[in-house]
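Below, chains carry the letters A, B, ... as their sequence lines are ordered, and counting in each starts from 1.
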2 protein chains.
Amino acid sequence: MSRPGLRERKKQKTRLALIDAALDLFRAQGYEATTVDQIAAAADVSPRTFFRYFATKEDVALSLPVDGQEVMLRELADRPPEEPPFVALSHAMRAVLTELQEGDVTDVTRFLKSRELVETTPALFAGSVRRMMENERRLIDEIARREGSSPDDLLPHFVVSLFTTVARVGFESCHPQSIQDLSAFAERLEQMLSLAERSLRPGWDRGRV
Amino acid sequence: MSRPGLRERKKQKTRLALIDAALDLFRAQGYEATTVDQIAAAADVSPRTFFRYFATKEDVALSLPVDGQEVMLRELADRPPEEPPFVALSHAMRAVLTELQEGDVTDVTRFLKSRELVETTPALFAGSVRRMMENERRLIDEIARREGSSPDDLLPHFVVSLFTTVARVGFESCHPQSIQDLSAFAERLEQMLSLAERSLRPGWDRGRV
DNA sequence: TAATTTATGACAGTCTCTGACAGATGACAA
DNA sequence: TTGTCATCTGTCAGAGACTGTCATAAATTA
């Protein structure tokens, strides 16, 4: 696993510079009030280059949560097949938070920053939900594959949507307080997962009720 | 209940003209490919006037589903308090479809048109979900009021989010086929509601499990 | 009919985002 | 080291969504 070339490293640097510049400007003067020109200037690139890294202004704010969804999908694929769908999804989600916590501290900071931004900015919140739902399709496919469901079976759709909802409500409920570390997130998530577990019949996620 | 004045009638006419022009253009050449200028021209108003009726291009496409949400909220407020939350929400949703069906036929056509458009256009789908979630807050408040929950109780949030998810999955599952009438919608909705009912423990939506 | 309110059109301007082209820079082989 | 090539970047021009402003026209009211 050799170190990537200079070009690749520069690209990563530019990408992070744009993300950090954007998050700071968004926090300081609000999302709508900051222009792409300002972000580009703060990161020392031309406005055109900004759009070579991020398709939209929204993308730069949501790139971290989006990365998280990728991790989640990878983790889900690694869960043992005998695990019921909802349990597998829960563990995959926990793994995302764990992986983040074990990584670089600046990553955690960036993540929390962007998370707070998303919760307090309606436009970004909308975008976040949108991506969550685009991701839902992929989670559904993976669950359907694991369970061997037929393509028009509504159960995988139901299970994944329900799980996504539970996770979202958990995250949202963190919003009023300013969250300093990830453990508060993890705690809320467990709280919601157990509420869901208590509400649902055993075997519901495999159609055996 | 006197007939509104000429000015008010003209406004309603312009509004409907914009909606119809927009929906037709969107269907014919796609949502992104049609410009606001085209819509305004088709409805015989200036582009500036378009924005006096709809804040964004998205709004004109989603105005009908948004109207539906208003109806849903009104219906929910009319449900008897002894009804458990999930049942009350289900009945309110049924009432929306019933009210639509009993109204003008052109309204139903417009509704189905916009519904298909939303499902087939990612940008609009995202916007639709976003409004659904903005509406969620109001539904939560109403359920919390009915049940006398404390403001930081997660249960009303959970119940409403779960219901919204179920309804959404039901609507989405209609997409592949082209829906001609509302009864197909109603049928799918019932299918999903019964799946949810089977999966959940009795009393879950009042915290009595 | 006159006065007032309100809807509309016309115009100018900002911001997001895209295509096209040319110059700069890193990757790689001779 | 040098030359070639692919890729990154800046500059420019432009479309399209959306907003503020002001004058005009139409509806409402006295």
Side-chain angles (χ1 to χ4, degrees), chain A residues 1-19 21-23 25-26 28-63 66 117 121-124 126-128 130-131, chain B residues 2-19 21-23 25-26 28-63 117 121-124 126-128 130-131:
Chain A
M1 187 169 177
S2 72
R3 195 173 169 209
L6 173 56
R7 176 170 278 162
E8 193 56 33
R9 273 177 286 144
K10 272 200 173 179
K11 268 174 63 176
Q12 285 309 318
K13 213 172 130 190
T14 305
R15 184 184 147 85
L16 283 181
L18 282 169
I19 293 177
L23 290 183
L25 283 168
F26 290 162
Q29 31 176 301
Y31 171 72
E32 339 253 352
T34 81
T35 67
V36 171
D37 286 19
Q38 289 174 328
I39 300 170
D44 259 312
V45 295
S46 77
R48 188 68 184 86
T49 293
F50 173 92
F51 287 106
R52 292 199 174 97
Y53 282 84
F54 301 97
T56 67
K57 184 168 110 175
E58 194 185 273
D59 274 30
V60 71
L62 297 180
S63 61
V66 166
L117 205 64
T121 310
L124 284 180
S128 164
R130 171 185 162 196
R131 277 132 213 279
Chain B
S2 72
R3 193 172 170 210
L6 173 57
R7 180 171 278 162
E8 193 57 33
R9 273 177 286 145
K10 271 197 174 181
K11 268 174 66 175
Q12 286 308 319
K13 212 172 132 189
T14 306
R15 184 184 148 85
L16 283 181
L18 282 169
I19 293 177
L23 290 183
L25 284 168
F26 291 160
Q29 31 176 305
Y31 171 72
E32 340 252 350
T34 80
T35 69
V36 170
D37 286 20
Q38 289 174 329
I39 301 170
D44 260 311
V45 295
S46 77
R48 188 67 185 87
T49 293
F50 174 92
F51 287 106
R52 291 199 175 96
Y53 282 83
F54 302 97
T56 67
K57 185 169 107 174
E58 196 185 272
D59 275 27
V60 72
L62 297 180
S63 62
L117 204 64
T121 311
L124 284 180
S128 162
R130 169 184 162 197
R131 278 131 212 280

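Rounded to whole angstrom, the span from the CZ atom of A/Arg7 across to the P atom of C/dA24 amounts to 15 Å. Between B/Leu124 atom CG and D/dA17 atom P there is a gap of 13 Å when expressed in whole angstrom units. Note: CD (B/Gln12) to P (C/dT6) measures 17 Å, nearest angstrom. Rounded to whole Å, atom C1' of D/dC18 lies 14 Å from atom CD of B/Glu58. One interatomic measurement links the two molecules: CG of A/Leu6 to P of D/dT9, which rounds to 11 Å at whole-angstrom precision.
Contacts between residues 36-55 of chain A and DNA chain C, defined by a heavy-atom separation below 4.0 Å, involve A/Val36, A/Arg48, A/Phe51, A/Arg52, A/Ala55, listed by number.
Salt bridge absent: A/Glu8 and A/Lys13 never bring a charged side-chain N and a carboxylate O closer than 4.0 Å. The pair B/Asp59-B/Arg131 counts as a salt bridge, with a side-chain nitrogen and a carboxylate oxygen less than 4.0 angstrom apart.
Annotation: side chain of B/Ile19 is in contact with side chain of B/Phe54 (closest heavy-atom distance under 4.5 Å). Side-chain contact between A/Ile39 and A/Phe26: present, with at least one pair of heavy atoms (C-beta onward) separated by less than 4.5 Å. Here the side chains of B/Glu58 and B/Arg130 are in contact, with some heavy-atom distance below 4.5 Å. By the 4.5 Å heavy-atom criterion applied to side chains, B/Val36 and B/Phe51 are counted as neighbours.
An OP1 or OP2 oxygen of D/dA26 is reached within less than 4.0 angstrom by no side-chain nitrogen or oxygen of B/Lys10. One finds a side-chain N or O of A/Lys11 lying less than 4.0 angstrom from the OP1 or OP2 phosphate oxygen of D/dC8.
The nearest heavy atom of DNA chain D to A/Glu8 and to B/Glu32 marks one nucleotide each, and the one closer to the 5' end goes with A/Glu8.
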